[in-house]
Amino acid sequence: MGDGERIDARAFIGVLDGWTSGTGPLYRQLASAIALAIGRGDLPSGVRLPPERAIADALPAARGTVVGAFAVLVEDGLVVRRQGSGTTVAGAVRGDHPAFAAGLRAQALTGRALHPDDGAIELGMSVLDDPGSLPDWAFEVDAVTAERAGRRHGYAPLGIDALRDRVADLLTSRGLPSSVEDVAITLGAQHGIALAAEVLAEAGSSVAIEDPTYPGAIDVYARAGLAFVPVVADGGGTDPGSLRRAVERGLVGLVHLAPQCASPTGVVTVASRRPELLDVLDAADAWLVEDAALEFLAPPEEHGYLATHRPDRTVLIGTTSKVFWGGLRVGWIRAPRPVIDRIGRLRAAHDLGSPIAPQVTALRLFDDIDDLASRRRTETTARLRHLRARLLAAAPGVTIAVPDGGLSLWVGVDAGDRIASEAATAGLDVLPGRVCSVSDGQADRVRISAWAPESVLDEAARRFGVAWNAAGSDD
């Protein structure tokens with residue numbers, strides 16, 4: 001199909017395989033299916049889509065479903081609508097990259113969060129289950145305390161100074177000397193990655209990133225217009241030789257690594273690899289985005305930031321989401337002061353900074369952060385082992401390595417997409433492995449979170465076994 005050519009309705013429907021197999025309203029399911037087809041290149045840039053009524057008749061579906069889907073795609077910048085010309089696939093280069101398709105898949109899989117289904121077990125998201133283990137007093141923020149923390153007016157683009165100082169103390173205690181001027185408070189780790197990309201990424205450059213990796217990072221960098229250079233990550237963490245080959249390809253402005261504990265694998269990069277990783281980074285003179293979001297759920301003796309050895313060229317991302325609770329939306333960036341200053345100006349332009357009350361809550365909880373982290377590790381380690389045993393019993397033939405830490409299991413299967421689809425039918429949300437890949441790989445994996453109580457994990461394993469058997473029966 002060439003630029004400006006219209007695809008007919010029959011061919012259009014043909015690329016929307018299984019568009020009603022998702023969750024949420026039909027118009028959003030249709031929008032997600034079209035977005036995936038764009039990401040795969042099945043609907044190339046410049047192609048004109050069929051009229052709404054023709055699509056509705058061919059599906060079949062209500063015309064309002066198609067209208068709503070097109071509205072979502074226009075808002076996301078994936079299609080353009082012009083009077084008299086119809087609807088055309090946008091011309092952004094990023095849509096032709098398989099990593100953008102992975103980002104779109106990740107976006108589509110947030111459907112449960114946006115449109116919850118009380119009957120489903122949601123193990124597709126790597127989250128803590130609730131704030132119930134936290135003390136009630138931490139959430140009681142009175143007006144006087146908030147006013148003092150927020151300097152009366154409540155606007156603090158870099159975050160409240162007391163919390164920035166506590167984060168700096170934490171990082172210093174872990175071998176990375178830091179002061180309040182080196183720290184900015186964010187709305188969690190993904191927000192930190194997005195800020196780093198906006199401040200440091202150069203148009204037309206690439207990011208070298210582990211494969212598999214955290215799907216939220218894929219989405220962020222794809223939307224920033226970066227190309228992806230995959231770096232092998234295995235049972236020992238990031239492979240230094242693969243990173244060296246990646247940066248030697250040129251145009252790599254950023255390197256994204258998670259040596260403390262990687263998502264989705266839960267692997268901590270072994271100490272023997274870290275000196276060579278640093279040598280490669282220094283030779284490349286590239287900015288490192290060091291994702292430490294899962295550090296509190298890894299063995300404490302494994303701490304040791306790469307940033308400690310190259311603080312002037314590293315942006316360290318941290319969060320309270322995996323130790324306190326994701327609903328606080330409190331994370332941080334540690335970076336050279338000129339970068340922090342740029343982030344402050346960016347926050348002032350975007351949103352004037354994070355809300356004060358959650359920062360005060362996080363500040364209070366910092367007094368117990370080591371004890372809380374220890375309890376979280378004990379709990380999550382037990383749940384990971386429990387879920388692994390139940391999955392192996394329910395689905396003989398899967399492979400599941402014991403993770404070093406984290407909240408999820410990286411499960412080896414025959415067909416990740418099919419298993420995830422069958423699991424959804426059985427009432428279980430899991431994440432297809434390809435969502436975590438920048439090379440459209442990892443198709444033989446699914447990620448399953450272990451955040452739930454053991455009784456829920458037992459039922460989740462039973463449903464996974466149903467999905468496993470259903471997928472196998474069609475081979």
Under a 3.5 Å distance rule, please check whether [X] uses its side chain to pair with a backbone N or O of [Y] as donor and acceptor.
X    : Y    : answer
Q359 : I160 : yes
R347 : I185 : yes
R445 : W410 : yes
D211 : G441 : no
R364 : F139 : no
S178 : L176 : yes
R273 : G237 : yes
E290 : A307 : yes
T380 : R377 : yes
R447 : V411 : no

Can you tell me how far [atom2] of [Y] sits from [atom1] of [X], rounded to the nearest 0.5 angstrom?
X    : Y    : atom1 : atom2 : answer
L128 : R376 : CG    : CZ    : 4.5 Å
R375 : D370 : CZ    : CG    : 11.0 Å
L158 : R164 : CG    : CZ    : 4.5 Å
R434 : S439 : CZ    : OG    : 10.5 Å
F70  : L78  : CZ    : CG    : 12.0 Å

Quick check: closest heavy atoms across [X] and [Y], and the distance to 0.1 Å?
X    : Y    : value
S126 : L407 : OG-CB, 3.3 Å
T319 : A293 : CG2-O, 3.6 Å
L316 : A292 : CD1-CB, 4.0 Å
L409 : P403 : CD2-CD, 3.9 Å
P432 : D417 : CB-OD1, 3.4 Å
G344 : P157 : O-CB, 3.6 Å

Taking C-beta and beyond as the side chain, do [X] and [Y] meet within less than 4.5 Å on heavy atoms?
X    : Y    : result
E210 : P230 : no
Y27  : L30  : no
I209 : V255 : no
P264 : P212 : yes
L457 : L123 : yes

Exercise for the section: Please lay out, stage by stage, how E295 and R174 fare under the test salt bridge (charged side-chain N to carboxylate O under 4.0 Å, His left out). Expected result: CA-CA 11 Å; E295 66 172 312; R174 296 189 170 188; 2.6 Å; yes
Tell me whether [X] is salt-bridged to [Y], with the criterion being a basic N under 4.0 Å from an acidic carboxylate O.
X    : Y    : answer
R463 : E459 : yes
D367 : R166 : yes
R390 : E454 : no

Exercise for the section: Could you check D285, V339, L288 and say which one makes a side chain to side chain contact (heavy atoms under 4.5 Å, CB included) with R313? Expected result: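 Testing each of D285, V339, L288 against R313, the sole residue satisfying side chain to side chain contact (heavy atoms under 4.5 Å, CB included) is D285.
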Problem - Result of checking L254, L200, I340 against V315 for side chain to side chain contact (heavy atoms under 4.5 Å, CB included) - result: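 That would be L200; it is the only one of L254, L200, I340 passing the side chain to side chain contact (heavy atoms under 4.5 Å, CB included) with V315.
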Are a donor atom and an acceptor atom from the side chains of [X] and [Y] found within less than 3.5 Å of each other?
X    : Y    : answer
D458 : H386 : yes
D371 : S374 : no
R274 : T238 : no

Practice task
Tell me, yes or no, whether the heavy-atom count around E202 atom CD, taken from other residues, nucleotides or ligands under 6.0 Å, exceeds 12.
Solution key: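 For E202, atom CD is not crowded (no more than 12 foreign heavy atoms under 6.0 Å).
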